[in-house]
S.K.: 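Got a structure for you, questions after.
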Amino acid sequence: MNFLVIGGGGREHALCWAMAASPLCDTLYCAPGNAGIAREATCLPDLSVDNLDGIVAFSQENAIDLVVVGPEVPLCAGLVDRLEAAGIKAFGPRAAAAQIEGSKGFMKDLCAKYGVPTAKYRRFRDPVLARSYVAQQTGRVVVKADGLAAGKGVLMPETKTEAIAAIEQAMIKGAFGKAGAEIVVEEFMEGEEASFFVLVDGNIAVPFGTACDHKRVGDGDVGPNTGGMGAYSPAPKVDEAMHDRVMAEIINPVVQGMAAEGAPYKGILYAGLMLTAEGPKVIEFNCRLGDPEAQVLLPRLQSDLVPAMFAACDGVLDQFDLRWYDEAAVCVVMAANGYPGAYANGTEIKGLDNLADLVDVLPFHAGTSADGERILAQGGRVLGITGLGDTIKDATARAYEAVDRIDWPDGFCRRDIAARES
Ligand code: AMP
Ligand code: GLY
């Protein structure tokens with residue numbers, strides 16, 4: 001079969017790595033891909049993720065049997081709808097279902113309607129009303145842009161004055177562009193965070209692993225938020241009892257609610273959870289795998305990913321059983337100096353060959369290009385080095401052993417990924 005993966009980050013490298021290992025895979029393409037993905041797939045550097053016409057045309061011309069969409073932007077823009085209309089099978093939610101990530105207001109209303117626990121909230125299109133609502137609140141609030149903002153649309157003011165400023169930033173100064181024309185103001189939740197993934201076929205959700213990520217740029221969780229500086233799986237806080245609770249109180253009602261709304265959800269659903277004193281509550285939903293969460297989930301998947309994706313597309317997950325390795329996985333992200341602010345592209349990364357003899361290490365590329373034999377950084381997050389081990393501690397040691405063999409003076413990583421679990 002012929003497959004096409006959309007995206008060019010570490011998540012898509014992990015997807016390509018898993019799909020290339022399937023006996024069902026004859027030809028694998030990735031648009032646009034990167035220098036690491038090029039080892040698993042034929043990269044299409046000129047086909048960008050927002051070129052929906054180009055992706056549909058390529059899929060038709062190359063008899064693609066399944067398109068797997070990595071990032072949220074093309075999902076929310078309706079890439080799956082477009083592919084299906086052209087008779088091409090695609091893995092991921094249609095635009096109407098991708099709204100679960102594309103509009104925080106949609107997500108909150110869905111939770112409210114179907115009794116799914118989440119922070120108390122109000123939606124606003126008028127900054128005057130938002131301000132007076134904030135003035136009435138007794139506790140801390142969180143201000144969120146309604147639309148997609150590349151993970152930056154959440155403001156966490158500590159005081160009322162800061163909360164008013166946050167509303168101004170989003171709604172008047174346009175800090176998040178159109179995404180901030182509408183906002184959600186919600187209650188601040190205390191607790192531990194965990195990410196919970198399920199594979200969904202429109203009606204049925206099958207667990208797809210748990211993970212924790214590290215969003216802040218600096219050791220000890222300081223500095224600005226990033227796309228994610230590292231992750232580990234499984235999330236130890238999600239024990240069996242918590243797992244059952246999340247499925248019963250959050251995942252199943254949302255999947256059934258989406259179907260009832262006429263927007264059945266298909267693909268990977270990623271729930272960002274706060275484990276509060278009152279139980280698990282939804283922080284957000286994402287309509288895709290996480291990055292770098294994919295780099296710790298997929299290496300733990302023992303089953304073939306490809307038939308699982310087909311079963312989700314075809315609505316037959318009731319006949320499906322996914323198997324997982326017991327091992328833990330830890331991914332350490334290496335980013336270009338300066339990230340998440342300004343950084344240089346084109347610096348050379350040496351020493352990747354030194355990893356060849358390490359067992360249980362997977363060096364995923366997130367933003368690289370090749371210049372002959374040389375590997376160059378091409379983006380903020382550049383590599384995601386995954387280690388596997390019997391415990392999170394072992395997996396962490398493996399990942400850092402590999403990181404330490406990489407010679408890239410122009411990059412950095414956090415030294416405390418998964419340290420909270422050791
Ligand atoms: P989001 O993009 O919605 O996942 O938010 C980014 C981060 O902001 C989350 O991972 C949390 O750390 C934090 N956050 C968002 N909403 C809340 C909330 N209501 N209470 C506490 N922290 C939150
Ligand atoms: N690492 C967070 C995300 O992919 O949304």
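Atom set for the values below is all heavy atoms of this structure, side chains included, hydrogens, waters and symmetry mates excluded. Every number for a ligand or one of its atoms is a count from 1 in the order of the listing.
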S.K.: Ion pair present between Arg82 and Asp53, side-chain N to carboxylate O less than 4.0 angstrom?
M.R.: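 Asp53 and Arg82: salt-bridged.
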S.K.: Please name the pair of heavy atoms, one in Val141 and one in Ala163, separated by the smallest distance, quoted to 0.1 Å.
M.R.: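 Shortest heavy-atom separation between Val141 and Ala163 comes out as CG2-CB, 3.8 Å.
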S.K.: Please determine if Glu186 and Lys144 form a salt bridge, counting it only when a charged side-chain N lies under 4.0 Å from a carboxylate O.
M.R.: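 Salt bridge: yes.
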S.K.: Taking any residue with a non-hydrogen atom under 4.0 angstrom from an atom of ligand 2, which ones do you get?
M.R.: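 Asp213, Gly227, Tyr270, Asn286, Arg288, Gly290, Asp291, Pro292, Glu293.
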S.K.: Should Lys113 and Glu261 count as an ion pair when the cut-off is N to O under 4.0 Å?
M.R.: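 So Lys113 pairs with Glu261 through a salt bridge.
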S.K.: Looking at Arg125 and Asp146, does any basic side-chain N land under 4.0 Å from a carboxylate oxygen?
M.R.: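 No, Arg125 and Asp146 are not salt-bridged.
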S.K.: Check Glu421 with Lys393, please: is the shortest side-chain N to carboxylate O separation under 4.0 Å?
M.R.: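 So Lys393 does not pair with Glu421 through a salt bridge.
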S.K.: Can you produce the list of protein nitrogen or oxygen atoms under 3.5 Å from a nitrogen or oxygen of ligand 1, alongside each distance?
M.R.:
from     : atom 1 : to     : atom 2 : distance (Å)
ligand 1 : 2 (O)  : Glu284 : OE1    : 3.3
ligand 1 : 3 (O)  : Lys104 : NZ     : 3.1
ligand 1 : 3 (O)  : Lys144 : NZ     : 3.3
ligand 1 : 4 (O)  : Glu284 : OE1    : 3.1
ligand 1 : 4 (O)  : Glu284 : OE2    : 2.8
ligand 1 : 10 (O) : Glu193 : OE1    : 2.8
ligand 1 : 10 (O) : Lys215 : NZ     : 3.1
ligand 1 : 12 (O) : Glu193 : OE1    : 3.4
ligand 1 : 12 (O) : Glu193 : OE2    : 2.3
ligand 1 : 16 (N) : Lys144 : NZ     : 3.0
ligand 1 : 16 (N) : Glu186 : OE2    : 3.4
ligand 1 : 19 (N) : Glu186 : OE2    : 2.7
ligand 1 : 19 (N) : Glu187 : O      : 2.9
ligand 1 : 20 (N) : Met189 : N      : 2.8

S.K.: Return all side-chain donor-acceptor pairs below 3.5 angstrom for residues 166-176, not counting sequence neighbours, or 'none' if the list is empty.
M.R.:
from   : atom 1 : to     : atom 2 : distance (Å)
Glu168 : OE2    : Arg131 : NE     : 3.2
Glu168 : OE2    : Arg131 : NH2    : 3.2

S.K.: Report all side-chain donor-acceptor pairs from residues 249-259 shorter than 3.5 Å, counting only partners two or more places apart or in another chain.
M.R.:
from   : atom 1 : to     : atom 2 : distance (Å)
Glu249 : OE1    : Arg245 : NE     : 3.4
Glu249 : OE2    : Arg245 : NE     : 2.8
Asn252 : ND2    : Met247 : O      : 3.2

S.K.: Flag the pair Arg123 and Asp109 as a salt bridge only when some basic side-chain nitrogen lies within less than 4.0 angstrom of an acidic carboxylate oxygen.
M.R.: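 Judged by the 4.0 Å cut-off on N to carboxylate O distance, Arg123 and Asp109 do form a salt bridge.
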